[in-house]
Amino acid sequence: MNWKIPLADTDLGPEEEAAVLAVLRRGWLTMGEETGAFEEEFAAFTGTKHAIAVTNCTAALHLACLALELGPGDEVIVPSLSFVATANAVRYTGAAPVFADIVSEDDPCISPEDIAAKITERTRAIIVMHYAGYACDMPRILAIAQQHEITVIEDAAHAPGATLDGRALGTWGAVGCYSFFSNKNMATGEGGMLVTGDEELALKLRNLRSHGMTTVTWDRHKGHAWSYDVIDAGYNYRIDDLRAAIGRVQLQKLAANNARRQKLNEQYLGILQELVPGVKIPFEHHRGTSSYHIRPILLPPGCDRRQFMDAMKRAGIQTSIHYPPIHQFTDYRRGDNSINLPVTKIVAAGEVTLPLYPHLSPKEVTTIVNTTRAALREQHMR
Ligand SMILES: *Cc1c(COP(=O)(O)O)cnc(C)c1O
């Protein structure tokens, strides 16, 4: 499809090209000094002690679950309104994801009340997901977790650069996981990052990232080590220096790009309210500073979403759904079929995501909103 306005787009330029070329010319492609620098810079940026780069956010989530020693018999509370990786990572360990509802149509992040209601004596952890880069209610969620002595993992795939009370999202829980997939706020192709303030967890995560080995090839290349032991059943979840080099440049650009997203989001809010009063706009008011990863809207009840998205498509505008709820997927319905998440159900049925990326133009935002209005009119709705 040749979209006039795609849903998301990368911001890659001469800086990324130069960074990749430098790595190529150096001749060391796998995890090495570029990755080390990327980790240090990301740790400093998020204000945390340890950052561990990995091959993608799904691997990060898996390693987080492993480092917390989750396994068969354990339950982990997760949102259903998320990308499937949030729950899959739990299943990789043999633990069971338990789905919690979201707060409201205005705040489609995981509900602290429903988290509390879903806690059993088997609950070992909670994975929160900062939907669209807007903060979950971390003070309340951490208080609940503390009270029940369970751990919090943050799926911060949407949220690099986002904060709550001045503290980076991803650094509130025990471990935070970020994604650098091509459509995320920082793009390296595949790529991800773990952050933690806990030294012991950081060591464990590093070790599990690379086969459970006590040293990596880079250490031996540098002459810092000559052999290794294997102390855990680890994985190969390493990033490489080519991607790390792109990531370092993307991190430099992140603040400015998130600021552009913020401005476009403000424009969206203003003209959506004015021109399309029938749609609901999640996160119209929200605490903290978002990374404005995506712009969701909720179509009016009775609107045919497929028809709406087709009308947008005919105008060359790509839209998407965030998300088909995880608990309704075939492979998840094999488990508990009685799950009832009323708010998730409403949002998941009516949500459509409009394009948002740093170099989207204000004129294009106007076009998108006007097309939204026309598409709803086709269905006699506004
Ligand atoms: C993109 C995404 C992931 C997975 O990230 P990858 O880097 O593609 O593995 C996980 N959770 C959420 C919420 C995401 O949006």
Side-chain angles (χ1 to χ4, degrees), residues 7-10 35 38 42 51-66 76-93 97 99-100 102 107-110 125-136 152-162 169-170 172-173 175-195 205 209 235-240 243-244 246-247 250-251 254 258 261 282-283 290-296 320-327 329 332 344 347-348 351 353 356-357:
L7 182 71
D9 203 4
T10 48
T35 302
F38 185 30
F42 200 86
I52 299 120
V54 288
T55 185
N56 56 59
C57 182
T58 308
L61 289 162
H62 184 196
L63 290 183
C65 292
L66 288 171
V76 180
I77 298 175
V78 302
S80 176
L81 196 74
S82 182
F83 183 57
V84 67
T86 313
N88 277 350
V90 173
R91 291 175 77 198
Y92 299 159
T93 68
F99 294 103
I102 51 176
D107 180 5
C109 287
I110 193 166
I126 303 161
I127 306 183
V128 303
M129 195 280 278
H130 304 293
Y131 185 110
Y134 297 83
C136 297
V152 176
I153 298 170
E154 290 172 82
D155 180 342
H158 294 190
L169 301 188
W172 285 75
V175 186
C177 306
Y178 301 84
S179 172
F180 309 134
F181 188 73
S182 295
N183 61 12
K184 301 287 161 68
N185 289 37
M186 279 173 61
T188 64
E190 298 286 350
M193 189 74 82
L194 287 144
V195 296
L205 291 166
R209 166 178 68 178
Y235 294 78
N236 178 356
Y237 279 170
R238 295 183 304 259
I239 198 169
D240 57 71
R243 289 182 174 80
I246 299 172
Q250 291 275 295
L251 182 59
L254 180 67
N258 282 359
R261 289 173 182 272
F283 303 117
S290 179
S291 53
Y292 307 96
H293 173 52
I294 52 171
R295 175 26 67 198
S320 177
I321 297 169
H322 288 83
Y323 289 92
I326 301 170
H327 76 284
F329 287 131
Y332 277 85
T344 296
V347 170
E351 197 274 347
T353 305
L356 183 59
Y357 47 89

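Every number for a ligand or one of its atoms is a count from 1 in the order of the listing. Numbers here are sequence positions counted from 1.
The closest heavy-atom contact to atom 3 (C) of ligand 1, among the options Phe181, Tyr131, Phe83, Phe180, comes from Phe83.
Taking the six-membered ring where the residue is Trp, Phe83 and Tyr323 present tilted rings, their angle falling between 30° and 60°.
Geometrically, ligand 1 and Glu190 share no nitrogen or oxygen pair separated by less than 3.5 Å. In terms of polar-atom proximity, Cys57 is counted as a contact of ligand 1, with an N or O under 3.5 Å from an N or O of the ligand.
Close contacts of ligand 1 with Ser82, meaning ligand atoms under 4.0 Å from a residue heavy atom, involve 13 (C). Close approach of ligand 1 to Tyr323 (heavy-atom distance below 4.0 Å) involves ligand atoms 13 (C), 15 (O). Against a heavy-atom cut-off of under 4.0 Å, His158 is close to the following atoms of ligand 1: 13 (C), 15 (O). Residue contact check: Met129 has heavy atoms under 4.0 Å from atoms 13 (C) of ligand 1.
Going from atom SG of Cys57 over to atom CZ of Phe181 covers 11.5 Å, rounded to the nearest 0.5 Å. To the nearest 0.5 Å, atom NE2 of residue His322 and atom CD of residue Glu351 are 7.0 Å apart. If you take CZ on Phe99 and CD1 on Ile326, they are separated by 5.0 Å, rounding to the nearest 0.5 Å. Atom CG of Asn56 is separated from atom OH of Tyr237 by 8.0 Å, given to the nearest 0.5 angstrom.
Not counting sequence neighbours, the partners of Phe180 by the ring-ring contact (aromatic ring centres under 6.0 Å, His included) test are Phe38, Phe42.
Exactly one of Val84, Ile102, Thr344 qualifies for a side-chain contact (heavy atoms from CB on, under 4.5 Å) with Pro325. That residue is Thr344.
Protein heavy atom closest to atom 9 (O) of ligand 1, with residue, atom name and distance, is Thr58 OG1, 2.5 Å. Looking from atom 2 (C) of ligand 1 to the surrounding protein, the closest heavy atom is Lys184 NZ, 2.7 Å. Counting only heavy atoms of the protein, atom 11 (N) of ligand 1 lies nearest to Asp155 OD2, 2.7 Å.
The heavy-atom pair separating Met193 from Ala60 by the smallest distance is O-CB, 4.1 Å.
The shell of residues lying under 4.0 angstrom from ligand 1, judged by heavy atoms, excludes Tyr178. Note on ligand 1: Gly191 sits in its first shell, one or more heavy atoms being nearer than 4.0 Å.
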